[in-house]
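Notes for the one structure printed next.
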2 protein chains.
Amino acid sequence: MDRTDSYHHGALRSALIKTGLELISEKDISGFTLREVAKRTGVSTAAPYHHFKDKAELLQAMSIEGWRMLGERFEAVSDVAETPSARLRGIGEAYIRFAMEHTEYFRVMSRPDLYYSGVYDENREATGLKVFEMLRSTVAGLFPGKKNDDPEIQEMVLHAWVLVHGFSTLWIDGSIKGTSLGELGIEELISMLFRSDPCLTQT
Amino acid sequence: MDRTDSYHHGALRSALIKTGLELISEKDISGFTLREVAKRTGVSTAAPYHHFKDKAELLQAMSIEGWRMLGERFEAVSDVAETPSARLRGIGEAYIRFAMEHTEYFRVMSRPDLYYSGVYDENREATGLKVFEMLRSTVAGLFPGKKNDDPEIQEMVLHAWVLVHGFSTLWIDGSIKGTSLGELGIEELISMLFRSDPCLTQT
DNA sequence: CATTTATCTTAACACTGTCAAGATAGATTT
DNA sequence: AAATCTATCTTGACAGTGTTAAGATAAATG
């Protein structure tokens with residue numbers, strides 16, 4: 001390799017994040033190796049340590065990118081939805097499909113113990129919280145006149161979140177496949193899931 | 001150590017499972033080491049390999065024990081419940097509390113990629129499925145006259161499962177804490193969760 | 001051009017999962 | 001009881017991991 005190529009001045013940090021996301025898309029999290037991220041980026045084994053405290057901190061940075069992407073999807077869906085209830089249903093489905101398409105991002109994003117290394121990156125907290133707030137304001141849209149922290153809204157936020165997150169994790173972990181529900185197709189399951197929720201089926 | 005102590009004739013397998021469960025209760029899954037399990041059991045590094053194909057297979061055996069315990073809890077709750085709906089609510093709560101009390105068992109149990117090593121242990125599949133069937137028959141109790149595979153029952157099983165699993169994972173991963181819902185206590189959240197479900201609040 | 005600062009590499013450490021070869025214990029046979 | 005056999009465990013090694021200290025190299029600055 002060209003010698004000067006290994007000097008990514010200022011750009012190594014983001015290059016590592018990018019390579020890391022590529023790598024995690026191919027293999028699962030257990031095969032995610034800091035050494036291989038470095039090798040693929042064309043840099044020595046120890047190089048990442050000048051940009052990240054440890055492996056967990058790189059994963060944390062990667063999860064920020066995941067949250068940003070999910071936020072974008074939420075926005076895209078919100079823009080085209082015509083009713084508050086269609087909007088809620090839309091971002092719910094977006095959540096599930098994101099988990100299915102980017103399973104390994106999703107794993108890292110929702111498992112702080114994978115990337116926690118003593119200190120939380122405030123950017124990560126902010127990016128994750130932003131997505132949560134998008135959900136909350138979408139739910140609030142169903143209750144015009146009520147404040148954001150109204151108990152009824154809080155309850156519905158919890159319910160919606162739990163529903164899509166629970167389904168996503170069960171699905172990507174393959175837990176559903178082994179049961180009698182596994183005979184159903186994914187589309188059927190999703191519509192079944194939303195049908196079971198009165199809040200999401202109301203017009 | 002006494003020399004003969006290291007020869008667990010026939011009992012090493014279960015001893016390793018037991019030690020493994022103890023170890024995983026103290027540390028999280030990322031700190032779970034086959035070598036330490038062996039050392040704690042008073043046996044050499046390579047000894048486990050005469051009883052388990054690899055690390056994943058030990059984890060699989062451990063997860064069977066977890067499913068068995070959860071099944072016991074379900075039965076205990078079912079026995080005391082007086083109405084079908086109280087029974088469903090009871091096992092739902094049991095699911096959540098099990099996840100909170102035995103977080104690391106729960107993690108291994110619900111993540112096949114942690115213990116999958118090429119072949120599924122049929123005992124594990126059977127034990128996990130048994131718990132699922134307990135949920136299904138509990139839901140079926142709400143619809144006397146309908147068959148076990150009635151679509152309406154299937155839908156409600158999915159809904160109930162997703163609800164308790166989603167909440168459990170969000171809680172143990174600390175995802176809720178960072179949001180506005182984090183200000184609420186766990187008891188409050190649980191009752192909020194069940195209140196949001198019309199099926200579980202009906203009498 | 002010389003010096004400073006930012007960035008990366010080399011070389012090592014302790015630790016991990018895993019395996020092949022040999023040793024030891026208990027059971028079985030004679 | 002002695003000898004054999006089988007099940008069980010240990011020793012010692014290998015490749016791969018995260019991580020760190022010390023030194024080298026590139027770019028920026030004077």
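Chain A is the first sequence line, chain B the second, and so forth, proteins listed ahead of strands; every chain is numbered from 1.
Between A/Lys39 atom NZ and C/dC8 atom P there is a gap of 19 Å when expressed in whole angstrom units. One can place CZ of A/Arg13 at 12 Å from P of C/dT7, the figure rounded to the nearest angstrom. Across the protein-nucleic acid pair, A/Ile29 atom CD1 and D/dG18 atom P stand 11 Å apart, rounded to whole Å. Atom CZ of B/Phe52 is separated from atom P of D/dC9 by 11 Å (rounded to the nearest Å). When rounded to the nearest whole Å, the span between CG of B/Leu12 and C1' of C/dT24 equals 14 Å.
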For nucleotides 17-21 of chain C, list the nitrogen or oxygen atoms of the protein found under 3.5 Å from its nitrogen or oxygen atoms, one pair per line.
residue	atom	partner	partner atom	Å
C/dG17	OP1	B/Leu34	N	2.8
C/dG17	OP1	B/Lys55	NZ	3.4
C/dG17	OP2	B/Leu34	N	3.3
C/dG17	OP2	B/Arg35	N	3.2
C/dG17	N7	B/Arg35	NH1	2.2
C/dG17	O6	B/Arg35	NH1	2.9
C/dT18	OP2	B/Tyr49	OH	2.8
C/dT18	OP2	B/Lys55	N	2.9
C/dT18	O5'	B/Tyr49	OH	3.1

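Side-chain atoms of B/Val139 and B/Gln154, non-hydrogen and from C-beta on, never get closer than 4.5 Å to each other.
Using a 4.0 Å cut-off, some side-chain N or O of A/His51 falls inside it from OP1 or OP2 of C/dC8.
Of the inter-residue distances, the one linking B/Thr138 atom OG1 with B/Glu133 atom CD reads 10.5 Å to the nearest 0.5 angstrom. Summarising the geometry, atom CZ belonging to A/Arg87 is positioned 7.5 Å from atom OG1 belonging to A/Thr83; distances are rounded to the nearest 0.5 Å.
Using modelled atom types, one finds a donor on one side chain and an acceptor on the other under 3.5 Å when comparing A/Ser30 with A/Asp28.
For A/Phe32, there are no ring-ring contact (aromatic ring centres under 6.0 Å, His included) partners two or more places apart in sequence or in a different chain. Listed by chain and number, the residues in a ring-ring contact (aromatic ring centres under 6.0 Å, His included) with B/Tyr49 amount to none (sequence neighbours excluded).
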